[in-house]
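Reviewing the structure listed below.
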Amino acid sequence: MTSIQSDTAGSMALLGVGATETRDGNQSVARSASETANLVDLWGDTVNLRHLGISLAVSVPISLGTFLLFVDIFAGLVAQPQISRAYAMLAGLVACLVTGAISARLFKPKRVITEEASDPVWRASVLAELQNERGGVGEFSDLSEATIRELEALGLKDFFQNAESNRKEGVA
Amino acid sequence: VMDPILSEILVAIAFASLGAVIFTIVGLISGTDETATISPVTLIVVLLGAPPSAVFAFFIAAAMAKHVSHAIPTTLLGIPGDTMAIPLMREANLLRRLGVPHIALQKMVSSAVLAALIAVPVSVVCGVLLTPFGDAIKSAAPWIFLGATILIAYFSAGRFAAILLLVPFTMLIASLQSLTAAHGLKLSVSFFMGFAAGPLISDLIRLMSPNERQSMKQAEFRRVILAPDVKSWSGYFPNPLKVLDRSQIAWTSGAAAVTSTTFVFSPVALTVIIGEIVGARIKHAYHRLTSVASVRNGVTESTYIAETIIPLIAFGLPLSPVAVGPAWPLFNAPPRFTIDTATGEINNLHTMMNVWEFLGFGLVAVVVAALIAYPFAMRYAHRAASFVMHNISHESIVATFIALIVVISWWEGGIGGVMVMATVGVVGGFLNRIVGLSVGVQFMCFYMAVLTVPSLLKLFGAA
């Protein structure tokens, strides 16, 4: 695993704030207690409870209020009640998106994003996993010309070839 | 004066483009379930009065584009883009750890385009072949829904628990229906919103209980590893048929054709099973990974397209997991599209479009979605994934979604609609989380409540 420091540098560089943030190195990844105090895992990602509460308190009443307001406005403008209510719902949907965008501006994601290529340790762990699956890693003689060219272009040909010869030596 | 056929085609192209653009973007946001996102937006398109062919083209393009761009978070971030991306995770992660996530992405989006082009004509033919049995199936609908629901429940995570839970959950829906009907409310959309949002609603309730909140606590921000950007072709974007090798084209096409006929099975289950079948026949591990990734993402397209088109052409009743899930507004979106359970009268795309229109507009939608989503996924995947991860907080997604379901439920039934949505959301959400009563099974329970329960009571109700 690469160091935490360089992870942060990578993600901060993406944010365009590299110079100021990376100066204090690993200080910046150890977030202040207030930042991590209210974190929970909800519906597949991490949120701050207080931020979530505010976002909901903004989005739900404003969106519903917009819908109800436009029900009244369109009722006077559009003859067919079904169509006018559908337009009001569209207005409500726009309000959902606008208030969602406001939440996104107010509260940044609770994620640390690292940009990272695979390293040799990762690759070796893949090989171990592939060997254990049904059918194993298989042999180069099973591959078509096209796939061998593909592996060569990706720089993976030697990786799989070495794995194969190591395995055969191990058996012999 | 424009030729009416030409203008209808242009309107359909416009709606297909709209669906493709919106859902190429939604597909980037990981965890955006298809039913929860595609169905409410399709409902709005229906209710605003778009022509039937445009509604159909919108839905097909939306579903196709989402299953192209869902490959972006899946391959580059290792986070499933949506429900259908879950079976893609293993191959995506192994290829990512080998250092070639861009290959996983390219193979997946190329096979999506290929599979979708095959699925439209095959499923239209399948729908036509089933049409002669349509009337028999419609008149036996209460019992067919019963059988199909038991089958879907058996194959869900809950297995026998899910089958047993069909009774109380269906009765809950039936009683809410008669309660609201007593006050002049005829609800369906509010139920569907509740099923789709159930997992989120139950999570929000857990947050409010001190005990459960402790178990959901996180000490740190979530760590996400984004794969670096690699462009491995020359020109604007690569030819999908050159990204896949000959055997991958053959496997993807074959799998797409087969899964365009098996419309009663769960798309997730089919994606898993077909991947296993193909994987078992490929000897080298690298080729197996890329082939299974291709075939599986192709199947996410073909199942969605077939499970929408076949029931639309043959029955007009939502008799497939996709038709009762993401595609429900094409079947039952009162007041515009209706299924009268008392008289059996159907008034939806089934009665408004003919076979040639389903074929033509289906192909138009697939081509439009491919022209928008494929080049985008090929060229901007890395930048788009990075932008979403850095700028779209989960708080804003949750708030937008909760506001959306509240507005739509209120639109249908005022405070009654919202209370029904919340009730089935809480109950369904916890039953899903604890015993695996899946969202698809919950949708089937709705149709059992309106079709099967009255027939059962008529047959066996007298003491």
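So you know, we letter chains A, B, ... as the sequences are listed, proteins then strands, and number each from 1. The figures that follow rest on heavy atoms only: side chains count, while hydrogens, waters and symmetry mates do not.
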So, does [X] use its side chain to make a donor-acceptor pair with the main chain of [Y] at under 3.5 Å?
{"X": "A/Asp142", "Y": "A/Glu139", "answer": "yes"}
{"X": "B/His70", "Y": "B/Thr32", "answer": "no"}
{"X": "B/Thr338", "Y": "B/Pro335", "answer": "no"}
{"X": "A/Arg111", "Y": "B/Val224", "answer": "no"}

Give me each pair satisfying side chain to side chain donor-acceptor pair (under 3.5 Å) with a member in residues 87-102 of chain A, each pair once, sequence neighbours excluded. A/Ser59-A/Thr99
Which answer fits [X], side chain, backbone, both or neither, if we ask what part of it has an atom under 4.5 Å from a heavy atom of chain B?
{"X": "A/Phe140", "result": "both"}
{"X": "A/Leu127", "result": "neither"}
{"X": "A/Gln131", "result": "neither"}
{"X": "A/Leu49", "result": "side chain"}
{"X": "A/Leu156", "result": "side chain"}
{"X": "A/Thr66", "result": "neither"}
{"X": "A/Leu52", "result": "both"}

Whether over 12 other heavy atoms sit under 6.0 Å from B/Asn239 CG: yes
Atom group of [X] that falls short of 4.5 Å from chain A, counting heavy atoms:
{"X": "B/Val388", "answer": "backbone"}
{"X": "B/Asp203", "answer": "both"}
{"X": "B/Leu289", "answer": "side chain"}
{"X": "B/Arg90", "answer": "side chain"}
{"X": "B/Leu200", "answer": "both"}
{"X": "B/Asn93", "answer": "neither"}
{"X": "B/Leu77", "answer": "neither"}
{"X": "B/Gln214", "answer": "neither"}
{"X": "B/Arg288", "answer": "side chain"}

Selection from [options] maximising heavy-atom pairs under 4.5 Å formed with chain A:
{"options": "B/Val406, B/Leu94, B/Val46", "value": "B/Leu94"}
{"options": "B/Met216, B/Arg97, B/Lys283", "value": "B/Arg97"}
{"options": "B/Asp245, B/Ile44, B/Val41", "value": "B/Ile44"}
{"options": "B/Leu404, B/Thr400, B/Leu43, B/Leu47", "value": "B/Thr400"}

By the definition side chain to side chain donor-acceptor pair (under 3.5 Å), identify the one residue from B/Arg281, B/Gln248, B/Glu91 that meets it with B/Ser291. B/Gln248
Does the side chain of [X] pick up a donor-acceptor pair with the side chain of [Y] at under 3.5 Å?
{"X": "A/Glu115", "Y": "B/His382", "answer": "yes"}
{"X": "A/Thr46", "Y": "A/Asp41", "answer": "no"}
{"X": "A/Ser144", "Y": "A/Thr147", "answer": "yes"}

Which one of A/Gly100, A/Cys96, A/Gly53, A/Gly138 has the most heavy-atom pairs closer than 4.5 Å to chain B? A/Cys96
If we define contacts as heavy-atom pairs under 4.5 Å, which of A/Asn48, A/Ile83, A/Leu97 has the most with chain B? A/Asn48
May I ask you to decide if the ring planes of A/Phe107 and A/His51 are parallel, tilted or perpendicular, using 30° and 60° as cut-offs? parallel
What pairs with B/Gln218 under side chain to side chain donor-acceptor pair (under 3.5 Å), at least two apart in sequence or on another chain? none
Given side chain to side chain contact (heavy atoms under 4.5 Å, CB included), test B/Ser396 with B/Ile392 step by step and report yes or no. CA-CA 7 Å; B/Ser396 64; B/Ile392 314 286; 4.0 Å; yes
